[in-house]
Amino acid sequence: SAIFIEGGSFNIGGDLGVDRLIVNGNPGCIGTPITLDANLTISGVTFEWFKNGTVIAGETNSTLEVSTDGTYSFNVTLNDGCESTDEVIIEFTTPPEITTPPEDILLCETDGNSVEEFDFSANEVLVLGSQASTDFPITYHDSQMNAEDNRSPLSIPYQNTLATETIWMRIADGTQSCYRVISFDI
């Protein structure tokens with residue numbers, strides 16, 4: 001008895017995942033490399049990586065760190081000659097910069113209830129500097145975790161609930177994938 005496998009029907013695996021595109025809202029951030037992983041842990045294989053169809057010299061591992069736009073692919077060959085390949089398109093976007101740290105905002109208590117309305121726009125100007133607010137929207141949060149996860153933004157103007165609070169600013173690119181978080185007190 002024998003088992004016959006149709007030529008080209010045997011998949012040894014290898015998957016670089018989804019394209020990382022600005023239009024898809026999942027690009028990389030300039031200055032932060034992305035590690036591509038072929039997701040193959042088979043021993044006795046030969047790896048070859050390509051950028052835009054050109055071999056990347058010296059890259060023979062199952063992972064590749066990339067930091068520039070391009071179409072990346074790999075070709076892996078088993079000792080028996082079986083091959084696998086995959087490709088992914090990677091784009092990078094410019095992350096925001098914190099030009100000047102925000103300042104704490106103090107308001108004089110005027111009616112004895114310890115509640116005031118706060119306008120954070122002066123800190124937006126400090127943090128953004130010459131960056132356009134349309135390119136890098138800012139949201140405010142009551143915790144660093146909410147700012148990091150882009151959850152539960154505060155309404156502006158903000159009315160405090162405690163005499164002293166820490167406010168977290170999230171400055172992000174339009175895709176929300178590249179961001180910075182910083183805090184100030186009110």
Practice item. Mind running side-chain contact (heavy atoms from CB on, under 4.5 Å) on V88 and L36 for me, showing each step along the way? Key: CA-CA 9 Å; V88 65; L36 300 179; 4.0 Å; yes
Practice item. Indicate yes or no: at least one non-hydrogen side-chain atom of S183 is less than 4.5 angstrom from one of M169. Key: no
Check your understanding: Side chains of H141 and S143: is there a donor and an acceptor less than 3.5 Å apart?
Key -> no
Review point. Can you name the side-chain contact (heavy atoms from CB on, under 4.5 Å) partners of D111, sequence neighbours left out?
Key: E109, N113, E116
Check your understanding: Can Y72 and I90 be said to form a side-chain contact (heavy atoms from CB on, under 4.5 Å), step by step?
Key -> CA-CA 7 Å; Y72 293 89; I90 304 292; 3.9 Å; yes
**Study point:** OG1 on T71 to CD1 on I89, rounded to 0.5 Å
**Key:** 4.5 Å
Exercise for review: Verify the cluster assignment for F50 and F74: are they in a single hydrophobic cluster under the rule of side-chain heavy atoms below 4.5 Å apart?
Suggested key: no
**Study point:** Nearest heavy atoms of P96 and Q131, plus distance in Å
**Key:** CA-OE1, 3.5 Å
Practice item. Kindly work out whether a path of hydrophobic side-chain contacts (I/L/V/M/F/W/Y, heavy atoms less than 4.5 Å apart) joins I30 to I171. Key: no
Practice item. Start with the C-alpha distance between F92 and I34, add both sets of side-chain angles, then the distance that settles side-chain contact (heavy atoms from CB on, under 4.5 Å), and finish with yes or no. Key: CA-CA 10 Å; F92 288 85; I34 293 174; 3.9 Å; yes
Review point. Tell me the ring-ring contact (aromatic ring centres under 6.0 Å, His included) pairs involving residues 99-120, sequence neighbours left out?
Key: F120-Y140, F120-F184
Review point. Is Y179 reachable from I182 through a run of hydrophobic residues whose side-chain heavy atoms are each under 4.5 Å from the next?
Key: no
Review point. Judged by atom type as modelled, is there a donor-acceptor pair below 3.5 Å linking the side chain of N39 to the main-chain atoms of D15?
Key: yes
Check your understanding: Which residue pairs satisfy the side chain to side chain donor-acceptor pair (under 3.5 Å) criterion with at least one member in residues 160-177, sequence neighbours excluded?
Key -> N150-Q176, Y158-E165, T161-E165, T166-D185, R170-Q176, D173-T175, T175-S177
**Study point:** CD-OG distance between E124 and S133, expressed to the nearest 0.5 angstrom
**Key:** 7.0 Å
Check your understanding: Going hydrophobic residue to hydrophobic residue with side-chain gaps under 4.5 angstrom, can you get from L64 over to V55?
Key -> no
Exercise for review: Determine, stepwise, if the pair L128 / I138 fulfils side-chain contact (heavy atoms from CB on, under 4.5 Å).
Suggested key: CA-CA 9 Å; L128 287 175; I138 294 177; 3.8 Å; yes
Check your understanding: What's the shortest heavy-atom distance between T134 and P137, and which atoms?
Key -> O-CD, 4.4 Å
**Study point:** Qualifying side chain to side chain donor-acceptor pair (under 3.5 Å) pairs, either residue in residues 17-38, two or more places apart
**Key:** none
Practice item. Can you sort out the partners of D149 under side-chain contact (heavy atoms from CB on, under 4.5 Å), two or more places apart, ordered by chain and number? Key: M145, R151
Study note, to complete from the structure: One should read off an interatomic distance between S114 OG and L107 CG, to the nearest 0.5 angstrom, of 12.0 Å
Exercise for review: Looking only at non-hydrogen atoms, find the nearest pair between A147 and V181 and report the distance.
Suggested key: CB-CG1, 3.9 Å
Point to revise | Hydrophobic cluster identity match, V66 and F47, side-chain contacts under 4.5 Å | key: yes
Point to revise | Flag, side chain of N123 to backbone of P102, donor-acceptor distance under 3.5 Å | key: no
Check your understanding: side chain to side chain donor-acceptor pair (under 3.5 Å): which pairs involve residues 44-67, sequence neighbours left out?
Key -> K51-T68
